[in-house]
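FYI, the numbering just counts along the sequence from 1. All heavy atoms count here, side chains included; hydrogens, waters and symmetry mates do not. One-based numbering, in listed order, for ligands and for the atoms of each.
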Amino acid sequence: MNILTIAGSDPSSGAGIQSDIKTFSEFGCHGFTAITAITSQNSSKFSGVKPVEANILGQQIDSIFSDFQVNAIKIGMVYDSKIIKIVSKKISKMSIPIVVDPVIKSTTGGELLQKNAIKDFKKFLLPIATVITPNKYELEILSGIKIKNKIILEKAIKKIQKLGAKNVVVTGIFEKNKVSDYVFTANKHFVFSSKKISNQNHGSGCNYSAALIAALAKGYNIRESVQIAKKFAYNSIKNSRKIGRGISLTNIKTPKQESIKLRKSIEKFTMIQNISEHIPECQTNFVYASKKPKSIKNIFGLEGRIVKAGNRVVV
Ligand code: PXL
């Protein structure tokens, strides 16, 4: 699968396009990029931003679409109205999944969306979003509603859906000792919770939305994709590293050679036409041993199983 990220450059590679490319390749997808703005930042300080000229951004997007097949798009930092309008003009007629991550402020306080661009963000980008992934703060800004409890949260989400976003995933709502994501599709609601990791980091939002679009591109439905993205972001926080003087950068652990091989085999398996018909009632799994195994550490397999869902195969 090929995925285009339309986003800002982050020289620390913790967030932005640099991080998105890493996430896409982690999912076995090829990442294309169209850069909207150049930020200057490290783990402690956001020192500046320069948006790319709108026509240059348009050219980047055209260069990709005139040559490659693009299966899905992620939109991250867009910064100003000119950028928002050119993005909308170039992609609004495309019928592929689009995840819009409405980033407004960086962890270190940098402005990623100008205040006077919020109106155009709502007008042009919400209607093209297959999924929008605001955190609580971003939802408050986009809906204009201060979220004090779950009833108000629901009201704010519905307002965003009315503005055109088909599915809304509100990430990172803190509740006692867990952190929950609220998923609203056209007619169903889900809540997914996980343990709270109290670790200030740079990059988890980008990891989440990039993993979400990769899962959607690979054919998982919204519910499955959110679960995949949540786990992916959770692990990237768990493995985050303090590389600089400031906050930690999330870290996508490079998997071992064996797990790459295992994943490739599973991917090939899932691509076989009508393979779901051959998965038994008890479902299936892929497990293998490296040569001359000495302990259980030399056996590789999937956590969980490969299951049949209608005529699809879910790993
Ligand atoms: O995580 C949000 C984000 C997105 N894009 C860029 C960023 C940040 C946060 O700092 O710098 C370019």
Is there any protein N/O under 3.5 Å from an N/O of ligand 1, and what does the full list of such pairs look like?
| residue | atom | partner | partner atom | Å |
| --- | --- | --- | --- | --- |
| ligand 1 | 10 (O) | Q41 | OE1 | 3.4 |
| ligand 1 | 11 (O) | Q41 | NE2 | 2.5 |

Give every residue pair that meets the ring-ring contact (aromatic ring centres under 6.0 Å, His included) criterion with at least one member in residues 258-282, sequence neighbours excluded.
F269-F286
Under a 4.5 Å cut-off applied to non-hydrogen side-chain atoms, are K146 and I152 in contact?
no
Verify side chain to side chain contact (heavy atoms under 4.5 Å, CB included) between M77 and S106, making sure each step is shown before the conclusion.
CA-CA 10 Å; M77 172 186 184; S106 80; over 6 Å; no
Q18 versus S9, side-chain donor and acceptor atoms under 3.5 Å
yes
Do T133 and D101 have side-chain atoms, one donor and one acceptor, less than 3.5 Å apart?
yes
Minimum heavy-atom separation for R305 and Q283, please, with both atom names.
NH2-O, 3.7 Å
